[in-house]
Amino acid sequence: MSTGTIRKLRAAGVVTTMVTGLLGGVAVAPSSASSWECDRAEWEYRGNGDYIKVPHEWEPMMHHAECFVHKGARGDQVAAIQRALVKCYGQSITVDGVFGDKTFAALKNAQRAAGVTADGAYGPKTRDAIKWPLYHEPTAKYKGCTRR
């Protein structure tokens, strides 16, 4: 591709779209250039056959829970947060996997209760501060809430 063609594509935003596609559809905001959006929820072993389900980010080279979820997100990662808000904080929201106004307000309530900045956004500090529903793997029985 010629330099002129690349400039035209860059100006049209095509290069950004192509790079985002290569990164698995993850767009990184400049203010969080070293962070990723959570794109799923995964079970984490807590010992004695017990598990919690927390948001994670997955891409081939880096599979980790150091990720963020914001208003407007959709998916299993949002449902995991909503489940924690309902079961561990008594919030009256629907577990539908959509991070809307009610989830935003409920997360702010949980953040206040956990003693972290109540900004309504999920990240590593919130992940470690809030309580998560604890399940026993062989029976899938809910056992209560625990911190990560």
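Note that the numbering runs from 1 along the sequence shown for the chain.
- Note that OG1 of T117 and NZ of K125 are 6.5 Å apart. Values are rounded to the nearest 0.5 Å.
- Residue G120 comes nearest to L107 through the heavy atom pair O-CD2, 3.6 Å, listed as atom of the first residue, atom of the second, then distance.
- Sparse packing is recorded around NZ of K102, with 12 or fewer heavy atoms of other residues, nucleotides or ligands lying under 6.0 Å away.
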For this session: Please step through side-chain contact (heavy atoms from CB on, under 4.5 Å) for the pair I93 and L85, ending with a clear verdict.
Result: CA-CA 8 Å; I93 59 172; L85 296 171; 3.9 Å; yes
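- Between E44 and K53, none of the side-chain N atoms (NZ, or NE/NH1/NH2) sits under 4.0 Å from a carboxylate O, so this pair counts as no salt bridge.
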For this session: Take N48 and H136, measure what side-chain contact (heavy atoms from CB on, under 4.5 Å) needs, and give me the verdict at the end.
Result: CA-CA 8 Å; N48 299 321; H136 190 63; 5.7 Å; no
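- Distance SG/C88 to CG/L134: 9.0 Å, rounded to 0.5 Å.
- Using a 4.5 Å heavy-atom cutoff, the side chains of N109 and Q91 are in contact.
- A donor atom on one side chain and an acceptor atom on the other are found under 3.5 Å apart for D96 and Q82.
- Y45 places a side-chain N or O within 3.5 Å of a backbone atom of G49 that can act as its donor or acceptor partner.
- Surrounding NZ of K143 are more than 12 heavy atoms belonging to other residues, nucleotides or ligands, all under 6.0 Å away.
- Here the side chains of W132 and C145 are not in contact, with every heavy-atom distance at 4.5 Å or above.
- The pair R40-E57 does not meet the salt-bridge criterion, since no charged nitrogen lies less than 4.0 angstrom from a carboxylate oxygen.
- Between I52 and P133, the shortest heavy-atom contact is CG2-O, 3.4 Å.
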For this session: Report the C-alpha distance between V78 and Y122 in whole Å, list the side-chain angles of each, state the deciding distance to 0.1 Å, and finish with yes or no for side-chain contact (heavy atoms from CB on, under 4.5 Å).
Result: CA-CA 9 Å; V78 177; Y122 172 89; over 6 Å; no
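- V69 and V116 are members of different hydrophobic clusters when ILVMFWY side chains are connected at heavy-atom separations under 4.5 Å.
- Screening Q111, K108, H70 for a side chain to side chain donor-acceptor pair (under 3.5 Å) with D119, the sole residue that qualifies is Q111.
- Side-chain atoms of T139 come within 3.5 Å of backbone N or O of K141 as a donor-acceptor pair.
- Annotation: side chain of P124 is in contact with side chain of F68 (closest heavy-atom distance under 4.5 Å).
- Here the shortest heavy-atom pairing between V95 and A79 reads CG1-O, 3.7 Å.
- Looking only at side-chain heavy atoms (C-beta outward), V54 and Q77 stay at 4.5 Å or farther from each other.
- Linking ILVMFWY residues whenever their side-chain heavy atoms come closer than 4.5 Å, directly or via other members, places W43 and Y142 in the same cluster.
- With respect to R147 and D128, no salt bridge is recorded, no charged nitrogen being found less than 4.0 Å from a carboxylate O.
- Between Y135 and Y51, a ring centre-to-centre spacing not shorter than 6.0 Å is recorded.
- Aromatic ring orientation, F99 versus F104: tilted (interplanar angle from 30° to 60°).
- Heavy atoms only, all atoms of each residue included: Y89 and A129 are closest at OH-O, 4.3 Å.
- Residues T146 and K131 fail the side-chain proximity criterion, which asks for heavy atoms closer than 4.5 Å.
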